[in-house]
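This is a predicted model, so every value here is computed, not measured.
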Amino acid sequence: MEQWEIPEISVHRSLKDGLHHILVQLHMAGDDGAFQSLDDLPDLSDQQRQRFAPEPDFSALAQALAQKIEQNRAESANPRAVALLVAPPFSGVREALARWPLANIAGGAPGEGHCVIAPPQNLLMNEDEAAHWWDAQELTRPWVIPELADFWLRHMSGLALIRELFRRIAAGDAGQGIVGCSSWCWQFWVNYIPDLNLAPSTPAPLDSSLLGAWLAHLSERNSRPPVTARMTHDGRYVLPLDEQIDGEKVKRSGLLRDLAATSRGNGGVALAIWRRALRAEPEEGAEGASPQSTDQSDQNSRKQSRCCWVIPLDQLSLPIMPQSRERSVGFVLHALLLHDGLDETALELVTGISPHQLSHALSRLARAEIIARSEYSGRWHVTALGYPTTRRHLQTWGFPVDAF
């Protein structure tokens with residue numbers, strides 16, 4: 001974790017982009033000044049977003065993580081029995097570890113995988129109850145916990161399960177396992193138990209080059225041709241990453257660098273912002289085409305379907321934190337991040353906020369797109385689009401934030 005660094009914006013490049021923006025406004029930017037602005041293009045439909053920027057394949061991420069963990073264990077002189085992966089929200093680690101039994105674990109028998117340990121319904125236990133619960137778990141075979149934040153509540157009676165797990169890991173009594181942990185959950189526990197010696201690892205942040213390669217890879221899922229993405233205001237290329245297209249050198253946009261910095265190298269957050277920024281011209285030729293022009297119209301439609309446009313980040317409408325003189329909004333957001341999502345009952349327990357105040361705070365945050373409720377679990381979560389402003393505001397309000 002100590003090697004993790006936030007992607008930085010080049011000062012030289014920032015000044016150059018600022019000067020270019022001024023020249024564009026003054027119509028002195030050479031060839032770019034002749035580009036017809038497409039800033040008024042409508043938002044994409046859900047189907048179009050899925051076509052240009054589909055969700056990642058978390059099974060592939062599980063496979064990559066499995067190979068890396070096995071490589072680290074093979075190269076270490078004293079490998080740890082339990083590997084700990086700490087990552088910020090929306091990094092995909094939880095989703096990948098939930099698919100861990102599908103991963104082909106190196107050295108395992110065909111079809112063999114890790115068993116997933118799920119949390120109990122009641123997290124309020126004393127020390128004896130927590131020890132008894134862990135005794136009942138199958139720790140004699142390889143196991144995985146997708147998200148440690150699911151195993152506790154910030155309450156005097158809600159800490160025993162994780163305390164007991166850490167005790168067993170330190171004593172070497174937990175078998176061989178893998179633990180995924182939200183960076184916010186880890187920030188709490190590393191302060192609660194300062195002597196923890198677990199040496200967690202974390203996925204590296206996505207800089208502009210890695211982010212561009214990843215977004216291009218996502219667009220090519222299901223054997224689709226690569227997508228071409230250009231800026232709406234000046235026509236500069238964002239994707240593909242090639243220096244030349246059709247034999248001609250292209251002018252590239254600095255959007256990927258800005259996107260990497262805005263998302264703090266977080267792939268899930270970057271993807272959410274990227275999807276919000278995409279635009280497409282209305283598809284033509286679908287109706288009223290003559291029989292003679294059908295083939296040509298289909299070719300044009302297919303070609304157009306792989307070309308999209310991107311609006312500048314400073315023109316993008318992202319969630320804004322609602323103004324409030326009460327600290328209930330901060331308490332709710334901090335609790336949701338600590339536990340990677342909670343329902344109303346658990347929120348009342350860990351925040352001490354009255355049901356009336358809690359309902360009001362949840363309603364305001366949901367309208368602002370800062371949080372959303374899962375239809376599957378009924379738990380409230382901070383949204384990927386709302387995460388950057390949430391982290392910023394919590395830090396400004398004096399809440400302890402994660403290291404990412």
TODO: Kindly determine whether Met1 and Ser201 satisfy side chain to side chain contact (heavy atoms under 4.5 Å, CB included), including the steps that lead there.
DONE: CA-CA 5 Å; Met1 281 183 59; Ser201 299; over 6 Å; no
Indicate the atoms forming the closest heavy-atom contact of [X] with [Y], along with that distance.
X	Y	value
Ala346	Leu153	CB-CD2, 4.2 Å
Phe399	Gly330	CZ-C, 3.5 Å
Leu271	Pro56	CD2-CD, 3.9 Å
Ala335	Arg154	CB-NH2, 4.4 Å
Ala66	Trp100	N-CH2, 3.2 Å
Pro312	Thr232	CD-OG1, 3.7 Å

Does a sphere of radius 6.0 Å around [atom1] in [X] hold more than 12 heavy atoms from other residues, nucleotides or ligands, not counting ones at 6.0 Å or beyond?
X	atom1	result
His217	NE2	no
Ile6	CD1	yes
His393	NE2	yes

Could you tell me whether the side chain of [X] and the main chain of [Y] form a donor-acceptor pair under 3.5 Å?
X	Y	answer
Thr390	Gly386	yes
Ser263	Leu259	yes
Ser359	His356	no
Arg99	Glu95	yes
Ser253	Leu255	yes
Thr262	Asp258	yes
His155	Ser157	yes
Arg373	Arg379	no
Thr383	Ala372	no
Arg94	Pro89	no

Would you give the length of the straight line joining atom [atom1] of [X] to atom [atom2] of [Y], rounded to the nearest 0.5 angstrom?
X	Y	atom1	atom2	value
His381	Asp340	NE2	CG	6.5 Å
Leu336	Leu347	CG	CG	5.0 Å
Gln357	Arg327	CD	CZ	13.0 Å
Leu394	Phe331	CG	CZ	11.0 Å
Leu318	Leu313	CG	CG	8.0 Å
Met125	Arg163	CE	CZ	13.0 Å

Open item on the list: Checking Leu165 against Leu148 for the side chain to side chain contact (heavy atoms under 4.5 Å, CB included) test, could you report, in this order, the C-alpha distance in whole Å, the side-chain angles of both residues, the deciding distance, and whether it holds?
Closed with: CA-CA 10 Å; Leu165 175 62; Leu148 194 62; 3.7 Å; yes
Task: Cation over ring face, Arg252 and Tyr237, 6.0 Å, 45° - done: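 The answer is no, since Arg252 fails at least one limit relative to Tyr237.
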Under a 3.5 Å cutoff, is there a donor and acceptor pairing between the side chains of [X] and [Y]?
X	Y	answer
Gln67	Gln71	no
Ser45	Arg49	no
Trp133	Glu164	no

- [ ] Begin with the C-alpha distance, continue with both residues' side-chain angles, and end with the deciding distance and a verdict on side chain to side chain contact (heavy atoms under 4.5 Å, CB included) for Asn197 and Phe166.
- [x] CA-CA 10 Å; Asn197 184 24; Phe166 284 158; over 6 Å; no
So [Y] and [X], do their side chains get closer than 4.5 Å, heavy atoms only?
X	Y	answer
Val238	Met231	yes
Leu278	Arg276	no
Val86	Trp184	no
Leu84	Val82	no
Pro322	Leu365	yes
Asn122	Pro120	no
Val310	Arg279	no
Arg141	Cys115	yes

Task: is_close_aromatic(Trp152, Phe188), centroid dist under 6.0 Å - done: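 Centroid separation for Trp152 and Phe188: below 6.0 Å.
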Open item on the list: Taking the basic N atoms (NZ, or NE/NH1/NH2) and the acidic carboxylate oxygens, is any pair closer than 4.0 Å for Asp57 and Arg221?
Closed with: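 No.
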Task: Salt-bridge present (Asp46, Arg275; N to O < 4.0 Å) - done: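 So Asp46 does not pair with Arg275 through a salt bridge.
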Open item on the list: Walk me through whether Arg392 and Thr396 qualify under side-chain hydrogen bond (donor to acceptor under 3.5 Å, both in side chains).
Closed with: CA-CA 6 Å; Arg392 233 176 1 252; Thr396 301; over 6 Å; no
- [ ] For the pair Asp343 and Thr345, evaluate side-chain hydrogen bond (donor to acceptor under 3.5 Å, both in side chains) and give the outcome as yes or no after the intermediate values.
- [x] CA-CA 6 Å; Asp343 59 22; Thr345 301; 4.6 Å; no
- [ ] Would you please test Leu161 and Trp134 for side chain to side chain contact (heavy atoms under 4.5 Å, CB included) and show each step?
- [x] CA-CA 8 Å; Leu161 275 175; Trp134 282 112; 3.6 Å; yes
